[in-house]
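Atoms within each ligand, like the ligands themselves, are counted from 1 in listed order. Counting begins at 1 with the first residue of the sequence.
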Amino acid sequence: MTALHAPGDWQDSAACRGHSAAVFFAPAHFERKDVRAARERQAKAVCASCAVRAECLQYALRIREPHGIWGGMSEVERRSLTS
Ligand code: SF4
């Protein structure tokens with residue numbers, strides 16, 4: 001699932017519209033640490049200008065989304081908020 005497929009109206013204003021989901025989610029194959037860091041920086045740069053960042057992050061936290069960048073935060077960063 002991506003932010004654009006989440007239920008609700010907020011995704012209509014998502015800045016990630018038109019961006020590849022591959023930027024926001026890790027690939028199925030091994031991803032080197034530096035490649036992952038670069039990919040996450042790219043995704044977070046999109047999120048930084050997103051008008052619905054707060055809604056997106058709240059949604060991901062509420063459903064405990066285990067994968068990807070949502071609301072400008074990685075899964076690891078979100079876990080630190082909920083644990
Ligand atoms: S905060 Fe990021 S992932 Fe969420 S809708 Fe906006 S651009 Fe997409």
Side-chain angles (χ1 to χ4, degrees):
M1 179 184 283
T2 68
L4 294 178
H5 294 100
D9 293 334
W10 55 266
Q11 72 271 35
D12 291 343
S13 302
C16 51
R17 280 187 171 278
H19 287 267
S20 169
V23 175
F24 292 84
F25 291 89
H29 57 78
F30 173 76
E31 184 178 41
R32 279 191 352 237
K33 189 175 179 181
D34 60 324
V35 173
R36 180 186 182 96
R39 178 181 56 74
E40 289 190 346
R41 271 196 306 276
Q42 191 179 350
K44 289 177 179 180
V46 177
C47 296
S49 65
C50 183
V52 292
R53 183 176 175 175
E55 290 88 342
C56 179
L57 179 58
Q58 284 305 315
Y59 175 79
L61 292 172
R62 181 163 49 81
I63 68 165
R64 296 184 179 271
E65 170 58 50
H67 304 291
I69 303 291
W70 293 68
M73 296 185 80
S74 69
E75 57 270 43
V76 173
E77 292 166 336
R78 291 195 307 277
R79 271 199 296 275
S80 73
L81 293 180
T82 56
S83 59

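Interatomic distance, NZ of Lys33 versus CZ of Arg36, reported as 10.5 Å (0.5 Å rounding). Here Met73 contributes atom CE and Glu65 contributes atom CD; the two are 14.0 Å apart, rounded to the nearest 0.5 Å. The NZ atom of Lys44 lies 3.5 Å from the CD atom of Glu77; values are rounded to the nearest 0.5 Å. Put simply, CG on Leu4 and CZ on Phe24 are 8.0 Å apart, with the number rounded to the nearest 0.5 Å.
For atom 2 (Fe) of ligand 1, the set of nearby N, O or S atoms under 2.8 Å includes one belonging to Cys47. With 2.8 Å as the limit, His19 does not count as an N, O or S neighbour of atom 8 (Fe) of ligand 1.
Between Leu81 and Leu61, some side-chain heavy-atom pair lies under the 4.5 Å cut-off.
Interface atoms of ligand 1 facing Arg53, defined by a heavy-atom separation under 4.0 Å, are 1 (S). For ligand 1, the atoms lying closer than 4.0 Å to a non-hydrogen atom of Ala14 are 5 (S). Listed by number with element, the atoms of ligand 1 under 4.0 Å from a non-hydrogen atom of Ile69 are 3 (S).
Between the side chain of Arg78 and the backbone N or O of Leu57 there is no donor-acceptor pair closer than 3.5 Å.
Atom 6 (Fe) of ligand 1 has its closest protein heavy atom at Cys50 SG, 2.3 Å.
Counting only non-hydrogen atoms, the option in Gly72, Ala48, Cys56 that gets closest to atom 4 (Fe) of ligand 1 is Cys56. Of the candidates Ala60, Gly71, Cys16, the one placing a heavy atom closest to atom 7 (S) of ligand 1 is Cys16.
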